[in-house]
Every structure is written in C-alpha cells, then in structure tokens.
> 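One structure coming up, written as structure tokens, with questions to follow.
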4 protein chains.
Amino acid sequence: MPEELTDALERIFAADSSIYQGRGFQRRVGFGDRPALVHIDLANAWTRPGNPFTCEGMDVIIPAVQRLNEAARPKGIPIVYTTTAYEVPEGPNSDTGLWHLKIPVEVLKVGTEAVEIDARIAPLPDEQVIVKKRASAFHGTYLSSFLRAHAVDTVIVTGVTMAGCVRHTVEDAIAEGFRPIVVRECVGDRVPGVVEWNLFDIDAKFGDVEPLDRVLEYLDGVEAWHEAGAVGAEGS
Amino acid sequence: MPEELTDALERIFAADSSIYQGRGFQRRVGFGDRPALVHIDLANAWTRPGNPFTCEGMDVIIPAVQRLNEAARPKGIPIVYTTTAYEVPEGPNSDTGLWHLKIPVEVLKVGTEAVEIDARIAPLPDEQVIVKKRASAFHGTYLSSFLRAHAVDTVIVTGVTMAGCVRHTVEDAIAEGFRPIVVRECVGDRVPGVVEWNLFDIDAKFGDVEPLDRVLEYLDGVEAWHEAGAVGAEGS
Amino acid sequence: MPEELTDALERIFAADSSIYQGRGFQRRVGFGDRPALVHIDLANAWTRPGNPFTCEGMDVIIPAVQRLNEAARPKGIPIVYTTTAYEVPEGPNSDTGLWHLKIPVEVLKVGTEAVEIDARIAPLPDEQVIVKKRASAFHGTYLSSFLRAHAVDTVIVTGVTMAGCVRHTVEDAIAEGFRPIVVRECVGDRVPGVVEWNLFDIDAKFGDVEPLDRVLEYLDGVEAWHEAGAVGAEGS
Amino acid sequence: MPEELTDALERIFAADSSIYQGRGFQRRVGFGDRPALVHIDLANAWTRPGNPFTCEGMDVIIPAVQRLNEAARPKGIPIVYTTTAYEVPEGPNSDTGLWHLKIPVEVLKVGTEAVEIDARIAPLPDEQVIVKKRASAFHGTYLSSFLRAHAVDTVIVTGVTMAGCVRHTVEDAIAEGFRPIVVRECVGDRVPGVVEWNLFDIDAKFGDVEPLDRVLEYLDGVEAWHEAGAVGAEGS
C-alpha cells in the first residue's frame with residue numbers, strides 16, 4: 001500500500017481513537033490464567049501461492065506462529081488449528097450453506113492438500129484440527145465446549161484472513177466469554193488495508209491486539225498445565 | 001423386557017396421557033413441506049455386536065432406514081448421517097469434553113471402522129456425514145445452518161440411542177425451529193424400557209412419533225427438490 | 001403412582017444398570033471447583049395450582065431450593081433462575097417458534113404473574129433471571145457465556161419439568177463443558193413416572209443425580225468467590 | 001471526515017475490489033423470498049445525544065428505517081428490533097460477560113429509557129424486541145430459531161454500530177443460512193471511516209450492501225405473508 005494511503009489510515013485511526021478513549025472504549029481485556037492458541041486457516045490454500053484464497057505475509061506469519069507453538073507446547077497449552085473445507089463443495093446438497101453465493105468456497109474440498117494445515121506449522125497428533133464451514137472458528141463447531149472443558153479463559157488468535165475468519169472468531173470469542181488476544185505479527189490477509197482497519201476495530205471493541213514479544217513473554221509466565229487434566233478429568 | 005413390565009409402562013403412559021391431554025399437551029407438530037432425513041449414529045460401534053455402544057434391534061432398524069433412503073433419494077431430499085468420534089479420545093487435549101467422565105466415549109476414534117456409517121445404509125458421495133462430539137446432532141455442528149440454507153422445515157429422525165443422542169437431537173430440532181418426526185421402527189437403544197419412555201416424553205412435548213408407513217406415505221407426497229438449488233443458489 | 005408401578009420401574013432400572021455398568025456407563029462426572037445454581041422454571045405457572053403447567057411436589061422442592069440458596073449466597077456462588085415466557089404468545093409473529101404446536105405455551109406471557117419466579121424463592125436484585133423460549137436454559141440464551149465469563153465449571157440444577165426443561169438443560173450443560181449435578185429433592189414434574197425415568201437416563205449418561213445433603217455438604221466446602229471478580233474483571 | 005481521507009479510502013477500496021473480483025469474491029448473495037427486517041440497537045443510547053454510545057447520522061437513518069417499516073408492515077413481514085441491556089451491569093454477578101473489560105456497557109441497564117427503542121421507530125405490540133448481551137443479534141438469543149420457525153430466508157439489516165453489532169450480526173446471519181442485505185442509508189457509527197470499511201468488507205464476503213430504494217422496490221414485490229402462519233402453524 002502506498003505510504004500516502006497508510007498515512008491516511010493512520011490519521012483516521014488517530015482521530016477515532018481520540019473519540020473512543022473519550023467515551024470509555026479501547027479498554028484492555030487483558031490476559032487470563034489459562035490460554036489456548038487458536039490458529040485460523042493456516043492451511044495451504046491460504047499460506048501457499050496459486051489459490052483464490054492465497055494470503056500475503058507468510059514469511060512473517062509462519063515463523064511467528066512457530067515461536068508461539070514452541071512456547072506453548074512444553075507447558076501443555078492447548079493448540080487448536082482450523083481449516084475451512086467442505087464435503088460437498090457444490091450442488092444441491094452442499095455444506096457451503098449460502099457462503100458460495102459470496103466467495104469462492106467451492107475450491108475448498110475436504111481431503112485435498114489445499115485444506116491441510118501448512119506443513120511448516122504441522123499439528124502434533126494430539127492437537128485439534130477443526131474443520132469449520134463458516135468464518136468463525138466458533139460457529140457450528142465444538143470449539144467453545146472444548147475450551148470450556150479445559151478451563152481455558154484466554155484465546156491467543158493468529159491466522160487469516162483478518163477481514164474474514166479472524167475477525168469473526170475474535171468477535172465470537174469475547175461473546176462466548178473468552179479473552180481474545182490477537183498477535184500483531186501473526187495475522188494477514190490478501191488485499192491492502194484490511195489488516196489495519198480490522199485490527200483497529202477489534203482493539204477498540206472486541207479484543208486486545210498485542211505484539212508477538214508481549215505474548216511470548218506472557219506464555220513464558222503461564223503456569224504449566226501438567227495438572228490441567230484435573231479439569232477435564234476426575235471431579236472431587 | 002418381561003410382559004408384566006411392558007404392561008406396567010403402558011399403564012403409566014395411559015395415566016400420563018390422560019393428564020397431558022387434559023392440559024393441552026401431546027399436540028401434533030405435523031409434517032412440513034421440505035423434509036430432511038437425519039440418521040443418528042448408525043455407525044458400526046452402534047449397529048454391530050461387540051462394542052460398548054452396541055444397540056439392539058438392527059434387524060428392524062436397518063431395513064426401515066433403507067426404505068426411507070429409497071423414498072428420499074429420487075426426490076432430492078437431503079440425507080444427513082451423524083457419527084460420534086474424537087480426534088483425541090483421551091488425555092489432556094481430548095475433544096471428548098467432559099463426556100468421558102460419564103460414558104465410554106474413549107473407544108470412538110476418528111478414522112476407525114467403528115465410527116464409520118454401517119455399510120448396509122452407506123451414504124452416497126453427496127450426502128453429509130457429520131462427525132459430532134456431543135449427544136445432539138445440532139450441538140457444536142453445522143447441522144442447523146445446513147438445513148436452513150436448504151430451506152428444510154421438517155427433520156425425519158432415526159437411529160440410536162433413543163435415551164441419548166436421538167432424544168437430545170429431537171429436543172434441539174424443535175428448539176431450532178424444525179418439525180421433528182421420529183420414525184417408530186427406526187429408533188433403538190441398548191437397555192430395556194428406554195425406547196418406550198423416551199418416545200413417550202418426546203411425543204408429549206417435542207416431536208411427533210410416527211410409524212414408518214405414515215412417513216413413507218408422506219415422503220411419497222412431497223414435491224421433488226429438483227429446484228431446491230434455487231434456495232441455496234441464485235437470489236433474485 | 002401405585003406401588004406396583006414403582007416397583008416395575010425399579011426392576012427395569014436395576015436390569016438396565018447392570019448392562020450400563022458392564023459397559024462402562026454410569027460413571028461419575030463429579031463436582032468441580034466453581035459451581036453455579038441453575039433453577040429451571042420455578043415460576044408461578046409451574047409452582048402454583050391452576051395452570052396447565054402446574055407441577056407436583058412443591059412442598060419438598062421449594063424448601064430444598066431455599067436451602068441451596070442459603071448455602072450459596074454467603075459464598076458469592078452465582079444463582080441463575082429461568083422462566084419461559086413470550087412477548088407474542090400467539091399469531092404469525094410469535095416468539096414461541098414451533099413449540100405451540102406441541103404444548104400450551106400460549107399461556108406464558110411476558111410480564112404476567114404466571115411467569116414470575118415464585119416469591120418463596122425470590123431472586124435477589126443481583127441474581128440473573130433468564131427468560132428463555134425453549135426447553136433448555138442454554139438454548140437461545142446467554143447462559144453458557146455468562147457461566148464461562150464467571151469461570152463456572154459445575155452447574156447445580158433444580159426445578160421443573162424433569163421430562164422437559166430440566167432434562168434438556170442437563171444434556172446441554174455437559175455438552176457445553178459444565179459438570180451437571182441434579183439435586184434429587186429439587187426436581188419435579190406433573191405426570192407420574194417421568195421424574196424417575198428421566199433421572200435414570202441422566203445419571204446413566206449426562207450428569208450426576210445427588211441427594212440434597214450431599215450437595216449442601218459440597219457447597220459448604222466450596223471456596224467463597226470473594227475474588228471471583230478477578231475472572232470477569234481485570235486481566236494481568 | 002476530510003475529503004482527502006475519503007479519497008484515500010476510495011482508492012484502497014478500488015484496488016482491493018480489483019483483487020477480490022479477479023479471485024471470485026464480491027459475489028451477490030441476492031434477495032430471497034421471505035425477508036425479515038432486523039433493526040440493530042436503534043435505542044436511545046445510540047440514537048440520541050449524550051450517551052457514550054451515541055451515534056451519528058440519525059437524521060438519515062431514522063426516516064429510512066421508517067420507510068422500511070411502512071413497506072414491511074402491510075405485508076406481514078416480521079420486524080425484529082434489538083437493544084443491548086444488562087440486568088446486572090456491574091459486579092461479580094454481571095451479565096456483561098467480559099465485554100465491560102473492553103467497552104462501557106455498564107451504562108446499559110435493563111428498564112432504563114436509554115435502552116428503549118427510539119420512539120420515532122417504535123415497535124408495534126406484536127413485533128419482537130430482543131434484548132441481547134453481545135454484539136451479534138444472533139449470539140445468545142432466539143433470533144435464528146424465531147426466523148427459522150417463520151421460514152425467513154433473507155434478513156434486511158439496519159442500525160448501529162457498523163463496526164460492532166451490525167457487522168457481527170451480518171457475519172452470523174450468513175453463517176446461519178440467511179441472506180444478509182445491509183441497507184446503505186440505514187447504518188451508522190460514532191467514529192469516522194468505520195462505516196465505509198466495514199461495508200466494504202461485508203460486501204466482499206458476507207452480505208450485499210444495497211441502497212434503500214433497491215430494498216424498498218424488493219419489499220414492494222414480495223408476496224404478502226397472510227398465509228405465513230401456515231409455517232409456524234398447522235402441519236399437514
């Protein structure tokens with residue numbers, strides 16, 4: 001995006017922030033005690049070239065997500081990946097719902113390489129890969145009950161696209177009662193501007209946008225979940 | 001179940017029906033215009049011997065479900081199958097939620113033969129198989145939005161178990177705004193009595209319990225969905 | 001219910017329990033660390049005579065619920081009441097959905113005395129009264145996100161009716177990731193038998209049925225929530 | 001917003017549209033057969049001066065919403081209003097969930113004039129006013145089951161704020177299987193720019209943004225719902 005357009009957006013954000021702060025918006029939701037990582041649609045259709053869904057910025061996003069995973073795994077912090085894929089991408093019995101009327105979801109077929117999680121950040125065998133049908137990772141999935149059963153209170157969100165699935169996921173996360181933290185370096189999209197304005201809206205109203213270093217520092221301080229099974233396991 | 005126990009249940013049902021009818025319960029929800037078939041957990045773990053989840057009565061249920069499918073397919077009526085299966089059946093990152101604390105869901109692993117739909121009623125390639133994690137076919141799944149996008153107003157429910165997944169599905173179906181019809185010959189369970197009392201409760205409050213012949217007759221009269229694509233397809 | 005019918009049910013339950021236990025059902029979900037009380041439809045239409053929804057057993061249920069509230073309030077344990085009521089009980093714009101096709105919900109009008117919580121167990125000003133439209137306290141309400149935001153992991157369920165709203169609520173509770181505990185003395189219905197068989201099904205598959213004394217003892221041992229605000233309040 | 005900033009946004013949108021169209025985004029979801037109007041948070045806190053939630057542009061929005069209502073009422077098209085309000089706006093038992101950590105929802109108390117629908121567009125007695133707790137009109141409410149029970153397939157969305165509740169509602173609407181149509185003249189917000197970029201994102205991915213005249217023309221052509229009761233009423 002040309003610098004003059006970036007500058008224009010920054011000027012709008014500054015004016016809006018002034019209004020928001022004067023009215024008590026843009027508060028901090030803060031980090032809770034038990035986080036989970038939720039990686040949105042970092043599958044090949046989005047992370048590799050040549051697909052209608054291909055996004056920009058993977059040279060920054062992928063390594064940053066790797067660092068989050070490396071920080072989370074030794075602590076037993078749950079890691080959830082999503083992909084968007086359909087059993088019946090077209091026709092009268094399609095599970096695309098109405099979304100194919102708006103965007104080219106017909107290219108996202110269950111079982112194809114396109115919808116597999118990018119091998120550079122491959123899930124371990126005991127990590128969840130949720131196949132969703134809609135934009136939000138919560139909509140029509142077991143994500144909220146999975147997180148609740150594991151006593152998660154904070155969702156660290158990464159992935160793509162910022163203007164679509166990441167934003168809807170963050171909105172749902174706070175609605176469901178989880179603290180949403182969006183990692184600045186870990187989100188992307190495929191057209192200019194939308195990362196910036198969606199992060200702006202989210203930080204004003206739905207979740208905190210935080211730099212990678214701050215999130216890594218937080219994960220470093222989180223207590224390991226070695227007794228996390230206590231929650232989903234034996235009652236008193 | 002010994003005849004004397006069956007008789008005892010019938011006597012209770014008769015007394016209860018008298019109270020319900022006097023108060024305006026046990027009404028008929030009726031059939032709508034656009035049905036879908038929803039087959040609950042007719043996968044091998046439930047339909048074949050030797051599994052903790054094995055149910056009785058498949059010699060009646062399977063042929064009856066076959067007849068429903070044969071009636072529905074030529075008309076383009078959507079058919080949805082569910083199975084219950086987990087990516088991580090045990091341990092701190094399990095997607096069983098809290099349910100393993102109550103029942104042996106740890107034997108239901110995604111990708112195993114046990115959780116595949118019974119081959120005698122195998123889904124066609126363009127029919128939906130929804131992998132659910134909870135009892136209800138609606139809970140944490142895209143079933144309601146799939147049905148809504150296809151303008152379905154009536155769900156014909158079959159499968160197992162009556163005291164578990166079928167009942168919860170029917171309760172959710174009417175809550176979501178679909179007319180639930182339970183096919184009497186097509187539902188089963190694994191312990192005596194529970195089919196009878198759960199059908200009784202459902203017919204009193206949540207959906208209509210109808211014999212197979214009545215449902216086949218209804219399906220025979222339903223208009224074919226050859227233009228059903230109009231709903232999920234092009235707007236005006 | 002005549003003793004012989006009670007005996008017949010007991011014999012069925014004994015036979016079924018034997019099968020369930022042999023297969024690994026009827027496990028204990030157990031009590032968690034942070035309970036909430038959820039009182040289902042203890043409003044006048046259900047607790048007082050003369051309404052189609054009137055239930056039996058209030059001489060036992062009401063005092064038992066009072067004792068639960070007395071145990072919970074000093075500890076800051078959240079108490080949620082539900083009632084079922086409609087803005088537009090009849091006609092083409094009704095919020096009864098399809099339920100009026102099955103049961104007489106048209107008598108349940110928002111703002112009438114019938115749908116107010118029974119004064120004997122009146123909510124305090126800072127306790128939640130959720131007006132629900134469907135059987136489950138979770139369906140189409142903010143209950144799950146309310147509980148999650150307050151870090152609740154266990155729901156102590158009371159109220160009516162056992163065959164309707166209580167059962168559906170319990171099924172949803174475990175599906176959402178909360179431990180359901182049904183208090184034996186605090187649930188009721190309006191026709192014979194249904195309390196018994198629904199408690200039986202629940203205890204087999206969805207939640208633990210516990211006597212009042214056991215639940216009071218548990219509440220006595222729960223840590224007070226004086227810092228509970230930490231969850232819904234300031235992050236780190 | 002200064003003209004140079006508006007121009008900058010327009011230039012970004014033009015560039016993005018070029019990419020989106022090349023990849024098959026920005027399709028038309030189109031109008032269906034059975035619409036409902038959904039007016040988001042047109043209550044005094046948002047439509048009148050002096051509240052942290054006060055929005056701009058009511059001199060255009062209110063008359064445009066009046067015209068929609070006038071077109072819809074004679075046809076029996078369902079009209080739903082939402083407001084956002086809390087029983088317990090602050091403290092450990094609050095129904096604000098975690099949202100008060102981000103925005104000043106503590107000023108939105110159930111029963112106050114602030115959260116009543118603006119009298120200039122007052123609901124008729126048989127129109128629904130849904131009190132929601134979260135941004136989306138669908139989240140934790142009975143909206144989707146209400147619409148489904150009335151066979152609605154299209155939601156005409158108006159109200160505020162564009163960057164908050166309107167956007168989240170539209171995202172959920174298409175996810176649930178309803179065609180979302182946002183009426184250009186009927187949506188607003190309280191800070192510059194956010195109406196434009198959120199409409200841009202929505203039109204690219206989630207719903208169609210249409211001018212008032214086009215929507216009025218559509219409503220004019222919709223068949224009256226005088227037999228709409230057939231759906232929620234008697235089955236065959």
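Here is the naming used below: chain letters follow the sequence lines, and residue numbers restart at 1 for every chain.
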> Quick check: are there more than 12 heavy atoms from other residues, nucleotides or ligands sitting under 6.0 Å from CZ of C:R67?
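No - once you tally the heavy atoms of other residues, nucleotides and ligands closer than 6.0 Å, there are 12 at most.
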> So does C:E176 get a backbone contact from the side chain of A:R148, meaning a donor-acceptor N/O pair under 3.5 Å?
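No, A:R148 side chain to C:E176 backbone: no donor-acceptor pair under 3.5 Å.
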> For A:R27, does the CZ atom sit with more than 12 other heavy atoms under 6.0 Å from it, leaving out its own atoms?
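Count over threshold, so yes.
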> Give the member of C:T154, C:D208, C:V152 that has the highest number of heavy-atom pairs under 4.5 Å with chain A.
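Looking at each option in turn, the highest pair count goes to C:V152.
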> Determine the minimum heavy-atom distance between A:A175 and C:S145, stating which atoms define it.
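Closest approach of A:A175 to C:S145, heavy atoms only: O-CB, 3.1 Å.
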